[in-house]
Protein chains: 2
Amino acid sequence: MRLAEYEGKPLYEVVSDTIRRRILDRVYRPGMTLPSEYQLGEELGVSQGTVRKALNDLVTDRILFRRQGLGTFVSEQSEDRSRCLFFNIMQDDGGAMSPVGRTLTFGQYAANAEEHRKLGLRPRDEVYRIKRLRSLGEEPILVERLSVACSKFPNLTRDLPDYMYRLYQIEYGITVSKTQERVKAIGVPQYEAKLLGMTCGEPCLSIDRIALTIDRQPVEWRRSICRSDLWHYACERT
Amino acid sequence: MRLAEYEGKPLYEVVSDTIRRRILDRVYRPGMTLPSEYQLGEELGVSQGTVRKALNDLVTDRILFRRQGLGTFVSEQSEDRSRCLFFNIMQDDGGAMSPVGRTLTFGQYAANAEEHRKLGLRPRDEVYRIKRLRSLGEEPILVERLSVACSKFPNLTRDLPDYMYRLYQIEYGITVSKTQERVKAIGVPQYEAKLLGMTCGEPCLSIDRIALTIDRQPVEWRRSICRSDLWHYACERT
DNA sequence: TAGTGGTCTAGACCACCTT
DNA sequence: AGGTGGTCTAGACCACTAG
């Protein structure tokens with residue numbers, strides 16, 4: 001396959017789009033080694049330098065990673081990455097945290113208006129709703145409510161891992177590559193107050209998150225109610 | 001000047017370090033056009049491709065920017081950048097906001113323990129402390145307390161612009177390139193409650209920020225108390 | 001030793017902007 | 001027209017990893 005179809009795009013974008021497509025089509029799967037830069041260049045009819053630029057762009061997006069002398073690989077949604085990139089709650093003394101989750105409720109429902117809007121659903125789509133409590137040791141930290149489209153995650157069960165993005169990738173071939181969060185301060189509602197050992201109305205963080213795939217489709221909506229006495233939400237910008 | 005001194009670093013890093021150094025030394029100043037890739041390559045004894053990689057890395061760090069056909073420029077701390085990158089409060093309906101600030105108090109003090117820790121000060125260093133109220137139209141939104149070392153910002157006055165990072169750059173040659181923030185939910189204290197038109201103890205956001213220069217030195221500590229009824233803190237991750 | 005990614009070069013042509 | 005960055009190539013050598 002030669003890349004004669006140009007579309008005005010630079011060649012390296014055509015190359016990176018091609019590889020992106022192959023990952024979405026699971027031709028290249030998480031953990032797999034890609035062909036070498038020279039092989040890809042020969043196959044696609046471009047030079048190694050052009051392949052290199054395309055691969056580097058995908059590495060920047062964390063879709064691939066490289067190891068010198070070994071090869072170029074499709075990124076996996078490691079637990080570590082799930083935790084570091086998508087769990088932004090930190091202990092005030094600076095320590096990272098790995099809270100374990102316990103499922104409180106699990107069910108299948110007709111999507112409401114907010115779920116339609118946030119997940120971009122079609123009429124009459126259904127969602128799984130999951131409510132979980134996350135704790136560190138005996139200490140409860142946050143309650144999260146999670147909605148996903150049933151059509152995208154068929155046969156989900158209430159027995160769920162602590163970090164869901166790895167499950168989405170391994171079981172459903174859906175890779176979360178970006179999240180958008182909104183953080184507000186609210187008075188803790190009664191239900192969450194009881195679970196978190198707080199008094200109703202005490203200030204807590206409300207974290208509203210949309211998770212997007214590598215082609216920018218929203219796949220999960222999550223709202224967390226989080227204690228804010230010993231924990232905080234962290235963010236760096238450059 | 002030829003770059004014979006190698007130090008084990010790749011050439012393009014030696015080149016980007018050289019340019020970084022020249023910006024810190026104000027040989028290249030914000031807004032200035034850099035010599036062309038070929039000129040830099042000739043001056044430093046490397047090829048245009050190597051200069052290109054070095055410049056691209058600095059563009060990624062937002063230290064430079066390019067315009068095709070025009071040249072490569074040293075980034076300025078534009079108001080737009082100050083607002084977009086370092087002001088992460090958004091209206092709930094999605095609109096961006098440009099709140100104007102009014103200085104409430106301004107003074108010079110011996111630094112306390114927390115300021116010493118957060119700003120990396122030396123014994124007996126002094127700080128300017130500034131308290132400001134930011135509003136959108138008639139609507140007060142947040143109160144911020146700001147500390148900077150007097151030694152770094154001599155002769156600062158209480159007459160301050162809305163976006164300080166541009167002032168730091170133009171008047172003091174200090175460029176903020178990174179911020180670290182911690183967000184918590186607290187009950188609004190009495191002083192801020194009065195200014196923000198809230199009732200004491202109502203939930204609000206507390207945003208604690210350290211601003212770092214391009215060589216990673218902390219230069220400003222800021223703590224904002226922000227209404228959270230119609231505004232939220234926004235964060236995207238990839 | 002052979003294969004991979006990492007760096008570097010030299011030269012070409014294009015797209016864009018100014019004068 | 002002339003200069004800039006943007007893309008692309010072909011080829012070289014290095015550093016790292018495996019078997």
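Protein chains get the first letters and strands the later ones, always in sequence-line order, with residue 1 at the start of each.
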Electrostatic pair B/Arg22:B/Glu43 at N-O distance under 4.0 angstrom: yes
Lys/Arg N to Asp/Glu carboxylate O, A/Arg209 vs A/Glu144, below 4.0 Å: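 Salt bridge flag = no for A/Glu144 with A/Arg209.
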Could you give the [atom1]-to-[atom2] distance, from [X] to [N], as a whole number of Å?
| X | N | atom1 | atom2 | result |
| --- | --- | --- | --- | --- |
| B/Glu37 | C/dA15 | CD | C1' | 14 Å |
| B/Phe73 | C/dT18 | CZ | C1' | 11 Å |
| A/Tyr12 | C/dC13 | OH | P | 21 Å |
| B/Gln48 | C/dT7 | CD | C1' | 15 Å |
| A/Leu34 | C/dG3 | CG | C1' | 16 Å |
| B/Leu40 | D/dT4 | CG | P | 11 Å |
| A/Glu42 | D/dA10 | CD | P | 11 Å |
| A/Arg52 | C/dT9 | CZ | C1' | 15 Å |

Side-chain N,O (A/Thr50) to OP1/OP2 (D/dT7) below 4.0 Å: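 No, because none of the side-chain N or O atoms of A/Thr50 sits under 4.0 Å from OP1 or OP2 of D/dT7.
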Phosphate-side-chain proximity, B/Thr72 and D/dG5, N/O vs OP1/OP2 below 4.0 Å: yes
Dot-bracket line, read 5' to 3' along DNA chain D, where crossing pairs take [ ] and | marks a partner on another strand, Watson-Crick or G-U under 3.5 Å: ||||||||||||||||||.
Side chain of [X], heavy atoms from C-beta onward: which of [options] has the nearest atom to it?
| X | options | value |
| --- | --- | --- |
| B/Leu11 | C/dC8, C/dG5, D/dC8 | C/dC8 |
| A/Tyr38 | D/dT7, C/dC8, D/dA12 | D/dA12 |
| B/Lys53 | D/dG5, C/dT7, C/dG5 | C/dT7 |
| A/Arg66 | C/dG5, C/dT7, D/dC8 | C/dG5 |

Residues which pass salt bridge (charged side-chain N to carboxylate O under 4.0 Å, His left out) with B/Arg122, listed by chain and number, not counting sequence neighbours: B/Asp125
Partner set under salt bridge (charged side-chain N to carboxylate O under 4.0 Å, His left out) for B/Arg21, not counting sequence neighbours: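 Result, salt bridge (charged side-chain N to carboxylate O under 4.0 Å, His left out) vs B/Arg21: B/Asp25.
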B/Arg132 to B/Tyr163, cation-pi by 6.0 Å centre distance and 45° axis angle: no
Could you go over nucleotides 17-19 of chain D and give all protein N or O partners under 3.5 Å, atom names and distances?
none

Where A/Trp221 and A/Lys118 come nearest, the two heavy atoms and their spacing: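 Taking every non-hydrogen atom into account, NE1-CD, 3.6 Å.
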Partners passing side-chain hydrogen bond (donor to acceptor under 3.5 Å, both in side chains) against B/Ser224 (at least two apart in sequence or in another chain):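 B/Ser224 satisfies side-chain hydrogen bond (donor to acceptor under 3.5 Å, both in side chains) with no residue once adjacent residues are dropped.
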Along DNA chain D (nearest heavy atom to each residue), the more 5'-positioned of B/Asn56 and A/Val51: B/Asn56
Pair listing, ring-ring contact (aromatic ring centres under 6.0 Å, His included) test, anchored in residues 18-59 of chain A, at least two apart: none
Mutual orientation of the aromatic rings belonging to B/Phe65 and B/Phe73 [parallel < 30°, tilted 30-60°, perpendicular > 60°]: parallel
Parallel, tilted or perpendicular: rings of A/Tyr233 and B/Tyr233 (30°, 60°):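 The arrangement is perpendicular - the two ring planes meet at more than 60°.
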